[in-house]
Protein chains: 2
Amino acid sequence: MFLSRFTNALDVKGRVSVPADFRTVVALDGIKRGDDFDGVIVWPSLEGKWLEGGGMALMRAKQSVLNSLEPHDHSRIAFERAYFGESFRLSFDANGRVSLPKELAEFAGLDKQVTFVGLGERFEIWDADAYSSKAKQVRKLAKESRQALYAKVKLAAEQGSAT
Amino acid sequence: MFLSRFTNALDVKGRVSVPADFRTVVALDGIKRGDDFDGVIVWPSLEGKWLEGGGMALMRAKQSVLNSLEPHDHSRIAFERAYFGESFRLSFDANGRVSLPKELAEFAGLDKQVTFVGLGERFEIWDADAYSSKAKQVRKLAKESRQALYAKVKLAAEQGSAT
DNA sequence: TTCTAGCCCATAGTATACCATTGCAAGCGG
DNA sequence: CCGCTTGCAATGGTATACTATGGGCTAGAA
């Protein structure tokens with residue numbers, strides 16, 4: 001499970017250390033599933049100017065969700081293009097770094113300091129400054145919407161048990 | 001189940017002993033779930049200037065609650081960032097201590113004595129002085145609102161059985 | 001050739017693993 | 001009933017390993 005927030009430096013060669021915590025997360029579920037790929041998958045977020053990433057396990061999960069749709073479903077194909085087509089397989093070097101393709105770095109406005117944010121089953125990669133200003137809003141929003149969240153969850157649970 | 005209240009010292013290196021009681025709690029439900037992680041998860045409270053914590057089991061519970069919402073729900077993402085992104089995975093050393101990141105210690109104003117308060121499924125970490133003054137108010141508030149609490153519980157039970 | 005991408009090595013700083021000591025508290029024996 | 005002993009919990013200090021980061025080298029592509 002990806003947790004916590006780490007800020008690392010992007011060097012002149014476009015490399016950045018993936019937090020050791022995150023590396024062990026992907027390594028562990030790699031071992032569980034017998035994956036040989038030692039690295040992460042990263043793609044541009046559909047929500048805004050930052051990146052999202054995860055291990056192979058997450059990709060498999062996405063795939064199995066999409067497999068439940070008709071092969072020729074337009075939205076299925078659109079998602080496949082957006083997620084799989086825009087994803088990059090970034091493998092770790094001997095020191096646990098990955099080199100970010102220019103395309104991704106430009107998309108998210110990454111230049112010096114980058115922040116990895118753990119979100120449970122996936123993580124986000126932000127420009128450090130962009131995230132630190134975002135973080136304040138996030139805290140406020142989370143606090144304000146606690147009530148609403150509780151209501152939604154309750155509703156979802158009721159619907160879930162009804163089906 | 002986290003119970004009771006313990007006050008331990010924070011040393012110059014930022015380490016503090018987690019009460020032995022709490023350690024056995026997380027160890028037990030770690031064994032039940034086959035977790036290999038021996039430690040606690042700690043995050044800044046959304047309510048005020050103190051920390052909250054629990055075992056991995058609590059985090060999984062949070063995750064499954066959030067999973068019941070739409071993947072792109074803004075408040076869901078805000079919660080993921082606020083809870084998972086701000087959480088720290090603190091593992092025990094051989095003597096049952098964890099080292100508190102500076103960020104968390106500063107947030108909660110921890111310097112010398114820290115108080116762990118058991119709250120059932122989770123616990124709180126306070127500056128000892130701050131808590132002892134809070135405790136008086138809490139006791140008073142709890143005493144005053146017993147009637148109101150009972151009424152709310154009764155109401156909720158009626159609504160629950162009605163649905 | 002020249003540039004780029006991957007690979008290897010070196011290092012500073014920090015965090016964590018290990019070892020030793022103290023203090024409290026429960027159990028045992030007098 | 002009191003003192004001794006034994007074990008665990010908490011705390012302090014030191015050594016070691018690991019993380020993050022910088023730079024150089026080589027091989028292959030342009």
Side-chain angles (χ1 to χ4, degrees), chain A residues 2-28 36-42 53 87-106 110-118 123 125-128 131, chain B residues 2-28 36-42 53 87-106 110-118 123 125-128 131:
Chain A
F2 298 106
L3 286 178
S4 208
R5 205 171 25 96
F6 303 89
T7 298
N8 288 335
L10 190 72
D11 69 18
V12 288
K13 294 165 78 173
R15 299 176 302 182
V16 63
S17 292
V18 174
D21 250 42
F22 288 15
R23 297 202 302 264
T24 63
V25 172
V26 296
L28 285 181
D36 51 348
F37 171 61
D38 190 32
V40 289
I41 317 287
V42 177
S87 291
F88 290 77
R89 194 194 305 263
L90 307 180
S91 41
F92 300 138
D93 71 6
N95 301 322
R97 286 178 293 197
V98 296
S99 53
L100 277 179
K102 280 198 194 66
E103 199 180 329
L104 289 180
E106 280 170 18
L110 307 180
D111 57 342
K112 299 254 13 141
Q113 296 293 108
V114 300
T115 299
F116 290 77
V117 187
F123 57 86
I125 305 177
W126 287 71
D127 173 67
Y131 191 74
Chain B
F2 299 106
L3 287 177
S4 201
R5 203 174 27 101
F6 303 87
T7 298
N8 289 333
L10 190 72
D11 69 18
V12 288
K13 293 169 72 179
R15 297 178 301 184
V16 62
S17 292
V18 174
D21 253 40
F22 288 16
R23 296 204 302 264
T24 61
V25 172
V26 297
L28 287 180
D36 50 348
F37 171 62
D38 190 32
V40 290
I41 317 287
V42 177
S87 292
F88 289 78
R89 194 193 307 261
L90 308 181
S91 41
F92 299 139
D93 71 5
N95 302 320
R97 286 179 293 196
V98 296
S99 53
L100 279 178
K102 281 197 195 66
E103 201 180 326
L104 289 180
E106 279 171 17
L110 307 179
D111 56 343
K112 301 258 7 145
Q113 296 294 107
V114 301
T115 299
F116 290 77
V117 187
F123 57 86
I125 305 177
W126 287 71
D127 173 69
Y131 190 73

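Convention: sequence-line order gives letters A, B, ...; per-chain numbering from 1. Source: prediction; values computed, not measured.
Looking at B:F116 and B:V16, their side chains come closer than 4.5 Å, going by heavy atoms from C-beta outward. Between B:V26 and B:F92 there is a side-chain heavy-atom pair separated by less than 4.5 Å. A 4.5 Å side-chain heavy-atom check between B:V98 and B:F88 finds every atom pair outside the cut-off.
A heavy atom lying under 4.0 Å from DNA chain C marks the following residues of residues 11-21 of chain A, by number: A:K13, A:R15.
A straight line from CG of B:L90 to P of C:dT16 spans 9 Å, rounded to a whole angstrom. Atom C1' of nucleotide C:dC18 and atom CZ of B:R97 are separated by 10 Å, given to the nearest angstrom. One atom, CD of A:E103, and another, P of C:dA5, lie 13 Å apart when rounded to the nearest Å.
The backbone N or O of B:R97 lies less than 3.5 Å from no partner atom in the side chain of B:N95, so there is not a single donor-acceptor pair. Without hydrogens or angle criteria, B:N8 side chain to B:S17 main chain gives a donor-acceptor distance under 3.5 Å.
For the pair A:R5 and A:Y131, the cation-pi criterion (under 6.0 Å, within 45° of the ring axis) is not fulfilled.
Within 4.0 Å (heavy atoms only), A:S99 reaches sugar-phosphate atoms of the nucleic acid but no base atom. Among the protein residues, A:D93 comes within range of no part of the nucleic acid, since none of its heavy atoms lies under 4.0 Å from any strand. At a threshold of 4.0 angstrom between heavy atoms, the contacts of B:A9 are confined to the sugar-phosphate backbone, with no base atom among them.
The side chain to side chain donor-acceptor pair (under 3.5 Å) test applied to B:S4 returns no partner, not counting sequence neighbours.
Interface limits on DNA chain D: the 5'-most and 3'-most nucleotides within less than 4.0 Å of chain B heavy atoms are D:dA9 to D:dT14.
With the nearest nucleotide of DNA chain C identified for both B:A94 and B:K102, B:K102 has the one nearer the 5' end.
Between A:F22 and A:F2, a ring centre-to-centre spacing shorter than 6.0 Å is recorded.
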